[in-house]
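Accompanying notes for the structure given below.
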Amino acid sequence: MYQKRPGIFMADWWDANGRRHRKQFSTAQEARQHEHRETALAHGKRASRELKLARTSSTHAKTEETGTSTIAPAKGKLGVMIPGMGAVATTFVAGVEAVRKGLAAPIGSLTQMGTIRLGKRTEGRSPKIKEFVPLAGLNDLVFTGWDIFEDDMYAAARNAGVLERDLLDNVKDRLSSIKPLKAVFDHNYVKKIDGPNVKKGKNRLDLAEQLRQDIRDFRKSSGADRLITIWCASTESFIEPTAAHQSVKSLEKAMKENDESIAPSMVYAYASLMEGVPFANGAPNLTLDIPAMIELANEREIPICGKDFKTGQTLMKTVLAPAFKARLLGLSGWYSTNILGNRDGEVLDDPGSFKTKEESKLGALEHILQPSLYPELYGNIFHKVRINYYPPRGDNKEGWDNIDIFGWLGYPMQIKVDFLCRDSILAAPIVLDLVLFLDLAQRTPELRRLGIQEWLSFYFKSPMTAPGLYPEHDLFIQLMKLKNTLRHLKGAELITHLGLEYYD
Ligand SMILES: NC(=O)c1ccc[n+]([C@@H]2O[C@H](COP(=O)([O-])OP(=O)(O)OC[C@H]3O[C@@H](n4cnc5c(N)ncnc54)[C@H](O)[C@@H]3O)[C@@H](O)[C@H]2O)c1
C-alpha cells in the first residue's frame, strides 16, 4: 500500500500469476485491507497450485525420473558480471581458478560438493547435486566486473589480503586479465570511499544505457551464451521505497530526472534486467526490493534473488534460533557484536551504510521465533547488533553473540558464541552457488517466470519473497526448500520426512 497523493491510497498487490494490480481508495485502512485480502487470495491459489504440482511430480517419479526436458542444457560459456571487485569477488574468482587448476577444493559450495537424497532412505541413492541437475561447469565460467578503483583482480585480491600470495601467484594470469569497467557510483550512497574509475553521464538513465552497452560488449567479447550479474559491491546508505520505485515507468522517469532516490545498485539491476540478465544482490541494499524491479523481472521472466549473503553471524543465528523454538526455550536477549577490519568494515562504519546492514541482520529472529504465536517465550526480546571497524583484523572477523535464554519454570541460562571467521572465505562459495543456480533458473521456464527465486533463500540474510509473504529464515527449512525444488524440477519424489512406510 502506498499513498499516491494526499487522500488517495493505492492498494498494490500481485496475483497468483505474478501480475501486478493497483486499486485506489480514499483511506489507508481500506487500501491495506483490500491489499491483504487479495494477497491472501493469491497465496492460497499459488499454494494449491504448488500442491497439485508436487502431487504430479510424485506420481511422475514412480514412472520416470528424467523430467529434464523443460530445462535447457548448460551449453557454452556462462559470463559472470560482478559490480564490486573487492574482497568477496576476488576470493570467489581466484577460488574458481584454483579449483579449476586442481590446487584447492571448493569447500562450502553446495553445487560442487553437496549431494541430494533420492527416494527412500533404504535405496542408497544420493548423487551429487551437480550430477543431478544440469549446471554450468567451472571451466565454462568467464568473468568481468565494475569497480570505482582501477586495480585489476590480481591487484585487488592482493589488496584485500584474504588469500595467500602463493595461491594468488598461481592464478595471477587469469586474475590480472580481469580489469574493472568504469562504475556507476554516487559518493552519497557510500560515504567512506571514493575512486577514479567512474562513469560520467547526463543522468542515471544515460548511465544505465552505458552499463547496458558494457553488458552487450562483454557478451560479444567473451563469447558467453548466457550471463549473470551478482552484486558484490559496497553496502549503500539506507533508503526506503519512494513513489519513484513503484513501477518501471516511474523508475525510468526518475532515472531520467536524475532522482537521488535511485541508488547506483538500482541502475545496475535495471541495466541487467533490461538486457535479460538475472541479478543477485549480495549486499543488504534495497536494489531489487521495490515494485519496479519485481515488475521488470516478472514481465521479462528473469530470475532475481537477494539480499545480503548469509555468511557468519546470521548463519549461526538461523541455526540456533530454530533450535530454541523447536524446544520451546524462551529468549530474553541476543546481543551480537562484530569486529572487522576490511574495506567492508570501513564502509559499514558510516551510520547510513550500517543502518542498511542492521535492518538486514535484525529481521531473522522475529521471523523464526514468531512472537505473535509465542508471546510468553518471544514477546519481549532485546536484540542488538553492532559492527565495529577494527583494522588489525582485516577480513578475519570476530563475531560474538551473547544469548540469554530461559527454560523450565522460567530459569535463565546463557549461551556464548565466539565465531572467528573469515568473511570472504564464507562468502565465495555462496557467490559460486548463486551464479550456477540462477543460471539453472534462467534455463528453466517454470522457475524463470517466477521472477523472485525464493528457493535460494538459503543463501541470504533477508530472503526475497512474493510481496506480502513472510520469508523463511530457518536454515534447514531453506535447505529442504532448495533440494525439494531441484527434485521437483527433475520429477523426483519430494522428501517430506514422514517415513511411516518403513514400518509397514
Ligand atoms: N563477506 C561477507 O561475509 C559478506 C556477507 C554479506 C554481505 N556482504 C556484502 O558483500 C559486499 C562486498 O563485500 P566485500 O568484503 O567484498 O567488500 P569490499 O569493500 O572489499 O568490496 C566492495 C567493492 O565494491 C566497490 N564499489 C563500491 N561501490 C561500487 C559501485 N557503485 N560500483 C562498482 N563497485 C563499487 C568498492 O570499490 C570495493 O572494491 C558488501 O556489500 C558486503 O556488505 C559480504
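Remember, it's 1-based here, ligands and their atoms both numbered in the order they're listed. What you are looking at is a predicted structure, and each value in this text was computed from that prediction instead of being measured.
Of the listed options P264, P284, A87, A87 places a heavy atom closest to atom 20 (O) of ligand 1. One option in G86, S353, A160, A233 has a heavy atom closer to atom 41 (O) of ligand 1 than any other, and that option is A233. Closest heavy-atom approach to atom 33 (C) of ligand 1 among the candidates F460, Y459, F149, Y268: Y268.
The pair D152-K179 fails the salt-bridge criterion, with no side-chain N (NZ, NE, NH1 or NH2) lying under 4.0 Å from an Asp/Glu carboxylate O.
At least one heavy atom of K461 sits less than 4.0 Å from an atom of ligand 1.
Here the side chains of L489 and E446 are in contact, with some heavy-atom distance below 4.5 Å. The shortest distance between side-chain heavy atoms of L340 and R393 does not fall below 4.5 Å.
Atom numbering of ligand 1 starts at 1 in the shown order; those under 4.0 Å from a heavy atom of C232 are 11 (C), 12 (C), 22 (C). Of all atoms in ligand 1, listed by their number and element, those nearer than 4.0 Å to a heavy atom of T311 are 2 (C), 3 (O), 5 (C). Near A427, with a cut-off below 4.0 Å to any heavy atom, the atoms of ligand 1 are 1 (N), 2 (C). Near W146, meaning under 4.0 Å from one of its heavy atoms, ligand 1 places the atoms 33 (C), 34 (N). Within ligand 1, the atoms closer than 4.0 Å to a non-hydrogen atom of G84 are 23 (C), 24 (O), 25 (C), 33 (C), 34 (N), numbered from 1 in the order shown. Listed by atom number, the atoms of ligand 1 under 4.0 Å from V88 heavy atoms are 1 (N), 13 (O), 14 (P), 15 (O), 16 (O).
Atom-to-atom distance recorded for I290:CD1 and M266:CE is 4.0 Å, nearest 0.5 angstrom. Rounded to the nearest 0.5 angstrom, I405 CD1 and W334 CH2 are separated by 9.5 Å.
Classification of the Y470-H367 ring pair by plane angle, with boundaries at 30° and 60°, yields parallel.
With 3.5 Å as the limit, one finds a donor-acceptor pair spanning the side chains of D433 and Y459.
For the pair V184 and ligand 1, the shortest N or O to N or O distance falls below 3.5 Å. For ligand 1, the polar-atom distance check finds no N/O of D308 at less than 3.5 Å from any of the ligand's N/O atoms. Residue D395 places no N or O, backbone or side chain, under 3.5 Å from any N or O of ligand 1.
Aromatic pair Y268/W231: centroids less than 6.0 angstrom apart.
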